[in-house]
Amino acid sequence: MKNKAPLLLIPCLLVALFLASCQRTCVCYGYDGLEHRYSEEQVDANGGNCQNMIIQANTRFYSVCNWE
């Protein structure tokens with residue numbers, strides 16, 4: 001059992017490292033054809049959902065917003 005502990009620990013650490021280093025970006029596509037990118041912090045400040053970024057200040061700015 002002693003020899004298996006390090007073997008189980010390594011994959012767990014790799015998964016934790018991968019999840020901690022992942023930075024998502026909310027990408028919104030405007031009606032003018034331009035692409036606008038928002039960080040997770042910016043999305044959190046505007047309601048916390050990438051789909052909510054479509055409408056800001058009661059005005060529809062984007063056709064679609066998705067996480068990348």
Side-chain angles (χ1 to χ4, degrees):
M1 198 67 175
K2 267 186 175 178
N3 295 337
K4 292 183 180 181
L7 294 177
L8 294 175
L9 183 61
I10 292 172
C12 291
L13 289 174
L14 289 174
V15 169
L17 179 64
F18 174 75
L19 292 175
S21 65
C22 182
Q23 288 290 333
R24 296 188 310 169
T25 302
C26 178
V27 180
C28 297
Y29 299 95
Y31 294 105
D32 55 2
L34 296 177
E35 179 181 288
H36 303 271
R37 295 181 171 268
Y38 296 96
S39 68
E40 286 188 74
E41 292 81 18
Q42 290 171 314
V43 173
D44 287 342
N46 285 306
N49 186 337
C50 187
Q51 293 297 320
N52 291 346
M53 300 298 285
I54 292 173
I55 298 173
Q56 297 178 18
N58 295 324
T59 303
R60 187 178 179 108
F61 283 101
Y62 306 112
S63 61
V64 67
C65 293
N66 294 311
W67 287 111
E68 284 188 1

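Predicted model, so just to flag it, every value in this text is computed and none were measured. As a basis for the values below, the full set of heavy atoms in this structure was taken, side chains included, without hydrogen atoms, waters or symmetry mates.
The shortest distance between side-chain heavy atoms of E40 and T25 does not fall below 4.5 Å.
With rounding to the nearest 0.5 Å, the separation of CD1 in I54 from OG1 in T59 is 13.5 Å.
In this structure, N52 contributes its side chain and G48 its backbone to no donor-acceptor pair below 3.5 Å.
Ring orientation note: the planes of Y62 and Y38 are nearly perpendicular, at an angle over 60° on the 30°/60° scale.
Identified under the salt bridge (charged side-chain N to carboxylate O under 4.0 Å, His left out) test for residues 52-68, with sequence neighbours left out: R37-E68.
As summarised for C50 and C28, their two SG atoms remain at a distance no smaller than 2.5 angstrom, missing the threshold.
At a threshold of 4.5 Å between side-chain heavy atoms, the hydrophobic network of Ile, Leu, Val, Met, Phe, Trp and Tyr places I55 and F61 in two separate groups.
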